[in-house]
Structure formats: C-alpha cells, structure tokens
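Every number for a ligand or one of its atoms is a count from 1 in the order of the listing.
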Amino acid sequence: MSRELFKFKGGIHPPGHKDESNSRPIHAAPLPKRLVIPLRQHIGNPAKPLVNVGDRVLKGQMIAAASGTISAAVHASSSGIVSAIDMQPVPHVSGLPDLCVTIETDGRDEWTDHAPLDYQAMTPADLRMQLRDMGLAGLGGAVFPSAVKLDPGAAQTCPTLIINGGECEPWITCDDVLMRTHADDILQGVAIMRHLLGSSEILVGIEDNKPEAIAAMQTAVARMDFAVEVVTVPARYPGGGAKQMIETLTGKQVPSGKLSTDIGIQVFNVGTAYSLARAVHHGEPLISRLVTVTGHVLRPQNVEVLIGTPMHTLIALAGERDGTTGVLMGGPMMGVPMPNLDVPVVKATNCILVKSAELFPPLPRALPCIRCTRCAEACPAELQPQELFRFAKADDFGRAQEYHLFDCIECGCCSYVCPSHIPLVDFYRYAKSEIWARERDKRASDLARERHEFRQFRQEREKAEKAEKLAAKAQAKRAELAAAPAESSNAALSEADAKKALIAAALARAQAKKAEATPKNTDHLSPDTQREIEEIEARRAKIRELARKPLESEEKT
Ligand code: SF4
Ligand code: SF4
C-alpha cells in the first residue's frame, strides 16, 4: 500500500528545464592553477586559519579549524603552496569580499594521510567532532554544519529521518544525477545518519519528474539491511524545501520559530548523505561537490568540482556562448547573482546558471501593488507577502516581524506570480539583513561598552588602592614621627602629606564608586569590532541598494 501524501499550501509550477543537463555523464572539472577557498562556507562562525603564506599544503589537509559550536573546518582541495590569506570576492548576495586562503596548485594533487573511520566503534560525540573537523555541511543550499544536525540532543533519538531528493528548483539536476549514479553511496551515508540519530522511520522523498533517480534509489534500498521507503512526491515548487517535504510526507507542519527536530524529524539532502559516506568510509573531508552548469552554455552538464575552483573554469568546460547576460549561483527562483566569474565554487554551489536575454528576458518595470493577493495564495509559508512588502518598503521592521518575516523561505513564489512584477524577495532579504545588522550592531556596541566600563572600573580601583597604600604609609610615618618630638617641623610636613594622601584616597574611592554606579556610554570600539561594523554597514548598503532599485522605477510610473 502506498503512503498517504499531504498537500502543502501554495506553490507554483514553473517550467522545469531539467532535461538540458541531466542526461550527460558526470565530468570531473580540471584542476585549476589557483584555488580560492573561503573560510565562511557554512552557517555559523567562519573557520580559523591554521596555515601561513608560503606553507605547502596537501589535498584534504585542514587549513582552517571550526570555531565554536556551529561551525565546520575547511580543507585544501588540492596540493600546492598557500600564496595569500586575504579578502577575496566570494559568491554572496552582498557581492562583498570575505577571508579566503589562496592555494597555487602544484598539479600533483597529492593527498594528506587519510583513512576510513570505524564509526560503529566510536562514541557519537567523537564521531560528530570528527565530522565537524572534516568540514561536513548540508549541500542542499543551507550549508548548516552536519555535525550539529546529527545530534539528537536531549531527546537522544530522532524518530523520523527524511532524505530530501526533491530538487524542485528549475534547471538544477545535481541531486537527480547523484541519485542515478551513486544511490548505494547515498544509502551508506543514510546508515551513518540512522546510527547517530537512532531513527526508526527513514523516508527518501523524490519528485515524480525524476523517474531514473527513483528507480536507482529503489534498487539500492532493496539491498539494504534496514527499512528505507522511497516515496514519489508530486513535482511542485518549492516541494523540495525541508518544511514542504516534511508536510508532504508526514502531514506535519513545523511550528513557526521551531525546528523540525522539535516534532521528531530531521531532514538531509541526498548530497549531504553522499559526502558523509565519503568522509566515513574513505576518510575524505568535504573538498568537492557536484555542480550543475546549465542555461546559456553549449553543453549543460553536471561536474564534480573541487571547492575553490573559479566559476569561469566550469563555464568554459560547458562551452561559453555569446550573449550572456549574467550568472546565478543556484536556480532562477532562489539563485544569487554573481559579481564576477572569478568567484570560487563553495560548498553551497549546487548550480551555475548562465543567463541570456532569450532564456531570461528582463523583467518589466515594477508597478505599484494592486493588492490582488495572488502572492498570498502562492506562498507556501502561509504568509501575507503583500503586507511584508509594505512594511519592508517603509522600514517598519517591527511590523514585518509581527507578520512572521523570518518564516519566509525566500522561495520566490510570490514574486513569480505578482502581476506588478515587484521583486518581493529582494525586499524581504533587505528587511532581514537590516534586522540582523541592527541586532549585531547592538551586540557589538553592548560588548564594547561593557569592556570600556570594566576597564574604567579597574583603573579607578587601582587608583584607589594606590592612594590607600600611600595614605597608610603616610599614617605610619606620622606615627613614627610623633614618637620622636624633636623633629617637630618634619612631623608637621609629614602630617600635611598624610592629609593629602587621605584626601586623594577618598577622592579615588568616590570616583571608583561613581564609575561602577553610573557607567557612561562610549564608542570605544576595538579594531575588530569596528571592522565588523563597517562590514555590516557595507553589506546593508549593498542589499539596500538592491532592494531600492525597483522602487525607483516604481516611482517613475
Ligand atoms: S501579487 Fe503583487 S500586486 Fe498582488 S498583492 Fe501581491 S504584491 Fe501586490
Ligand atoms: S518568498 Fe517568502 S513570502 Fe514569498 S512566497 Fe516564498 S515564503 Fe512566501
């Protein structure tokens, strides 16, 4: 009996454009002369560099360590010499540079020592720590550190494990092709996930527009010694979103502000399961991934790419064509425009989509909202996109949050159906980045203020202690002189000094007390904090500019 499926609200049916790239065999991208490897490729804290300029590194060697609980290590994707550790352009919506390690490759592609892990003999905590040090992060787009998601926490078990093979975004086929060609490896990864999460129900959700992938996964599942159910789900964007896949397969909704683990479900992308199997069974850290290169190229295809490879290498491999109008990282619905083609492939790069005027005609000029509510009907998160737009446009971020701005998954369904062609998602990104930036500004200034107040308090306390010591010394001297009346003139002098010292001590105590009781606001920021704030400001300005563009054209109408 087939599983009962549930329907999530909203969604759209954009043209798939999957056939362009899913029928060619996987190619390995050539080893580039230079790899530029960003240290911030995952959600959470950026990794901290472990190498210096001039060091020789080997393939798979850790070049930056995870920092804090939510983080992941970063590794050299090939052997060579570290030529720079500096700010470089990276694939990010802000278009701003970030800290990267540049490696001039030596062509030898020489591996560091690596060996499989006997994961069943390891404690779960040790295994998770090892996976963090191998740089594992979700490859479905969110790049959340996998070690964190593989911890069931206080519940000690996560009853349902969902493997997401939805890949609903148009043009992207890397998950489809991975399932067709590496179904057994994906399931090896699933076995490790099951081991860590203690899941009793395992579901693999795949959209019905991937029949070859479904067949390959079903064949592989039959060889497993534990139960895995491959479930075919209707293709409807954004059905491959984690929350939508959960609802389709189980009928359960993840409550606003909660995690799926709060309802006993964890979701991983098929690519993440594959990279987990490579890490455990081959000892390979996450240094490469499958990337779809498609759109306005001669040979759309899927390519196995070393992290850090410049994007232009892949476009050249797929056959560059005249008339390119831009490049997106990701698909047309959620993709991010690339500032230039020197930017590197990162762990989050599932697709490089080359645009042309024929494939992606420029959007008509944005018109005012006519409050038709089509956006609300299409929204899978059950939001009111027209209201979110209104509040974001007016910089009324408090109201935007009241309307659950942070439940928006930026799927783009609302923009897609909007008859006024308003780039709604740009406004939501702008509002979110403003809110985050303000929170970070506040945190940074609170921290700086606390540091300054503490320093002030310490200085005043030291001053008071010094004055107390002086006073005590003067008092002792006075007593000594009082015992010797012959030297009365000196005694009078010392008495005056002692008085002075006592007054100084009292003043210092009063100042210390004042500093403790009435701390002053200050903007004495450390260079690091200042740099962070400048970076935030620059990102905000860039996103604000992106969001504001359509407004100008709207005002002209
Ligand atoms: S679809 Fe566009 S025009 Fe219609 S209500 Fe939403 S934002 Fe306004
Ligand atoms: S982008 Fe956000 S508001 Fe728009 S449809 Fe998607 S979830 Fe809803």
Check: Would you say Ile409 touches ligand 2, if touching means a heavy atom closer than 4.0 Å?
Finding: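 Contact present.
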Checklist line | Arg390 CZ: over 12 foreign heavy atoms closer than 6.0 Å | finding: yes
Checklist line | Crowding at NZ, Lys7 (>12 non-hydrogen neighbours, <6.0 Å) | finding: no
Next item on the list: Classify the contact between Thr373 and ligand 1 as side chain, backbone, both or neither, using a heavy-atom distance cut-off of under 4.0 Å.
Entry: backbone
Which ligand 2 atoms are under 4.0 Å away from a heavy-atom of [X]?
X	answer
Gly412	1 (S), 6 (Fe)
Glu410	1 (S), 2 (Fe)
Tyr428	3 (S), 4 (Fe)
Pro380	5 (S)

If you count the atoms of ligand 1 from 1 in the order shown, which ones are under 4.0 Å from a heavy atom of [X]?
X	answer
Gln386	5 (S), 6 (Fe)
Pro419	1 (S)
Arg371	5 (S), 8 (Fe)
Ser420	3 (S)

Donor-acceptor contact present, side-chain [X] to main-chain [Y], <3.5 Å:
X	Y	answer
Arg194	Ile202	no
Thr325	Lys355	yes
Ser67	Asn45	no
Tyr237	Cys411	yes
Thr309	Val305	no

Notebook entry, point to check: Is it true that the NZ or CZ of Lys393 lies under 6.0 Å from the centre of Phe427's six-membered ring and within 45 degrees of the ring axis?
Noted result: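 Negative - Lys393 is either too far from the ring of Phe427 or too far off its axis.
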Check: Is there an N/O/S atom in Cys375 at a distance below 2.8 Å from atom 6 (Fe) of ligand 1?
Finding: yes
Margin query: Under the side chain to side chain donor-acceptor pair (under 3.5 Å) test against Asp98, which residue among Gln41, His92, Gln88, Arg40 passes?
Written below: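 The side chain to side chain donor-acceptor pair (under 3.5 Å) with Asp98 is passed solely by Arg40 among Gln41, His92, Gln88, Arg40.
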Which residue holds the protein heavy atom closest to [atom], what is that atom called, and what is the gap in Å?
atom	value
atom 6 (Fe) of ligand 2	Cys411 SG, 2.3 Å
atom 2 (Fe) of ligand 1	Cys418 SG, 2.5 Å
atom 8 (Fe) of ligand 2	Cys379 SG, 2.3 Å
atom 4 (Fe) of ligand 1	Cys372 SG, 2.3 Å
atom 3 (S) of ligand 1	Ile370 N, 3.4 Å

Notebook entry, point to check: N/O/S atom of Cys414 under 2.8 Å from atom 6 (Fe) of ligand 2, yes or no?
Noted result: no
Margin query: Please evaluate residues Lys243 and Glu247 with respect to the criterion salt bridge (Lys or Arg N to Asp or Glu O under 4.0 Å), reporting the C-alpha separation (whole Å), side-chain torsions for both, the decisive distance (0.1 Å), and the verdict.
Written below: CA-CA 6 Å; Lys243 288 183 178 176; Glu247 189 167 355; over 6 Å; no
Next item on the list: Verify the distance test for Cys369 against atom 8 (Fe) of ligand 1: any N/O/S atom under 2.8 Å, yes or no.
Entry: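 Yes, Cys369 qualifies, because one of its backbone or side-chain N, O or S atoms lies under 2.8 Å.
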Next item on the list: Indicate the ring-plane relationship of Trp171 and His17, choosing parallel, tilted or perpendicular according to the 30° and 60° boundaries.
Entry: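 Plane angle under 30°, so parallel.
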Margin query: Are Trp436 and Phe397, when compared by the centres of their aromatic rings, separated by less than 6.0 Å?
Written below: no
Note to self: Yes or no: does Pro385 have any heavy atom under 4.0 Å from an atom of ligand 1?
What the structure shows: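 Judged by the 4.0 Å heavy-atom criterion, Pro385 does not count as contacting ligand 1.
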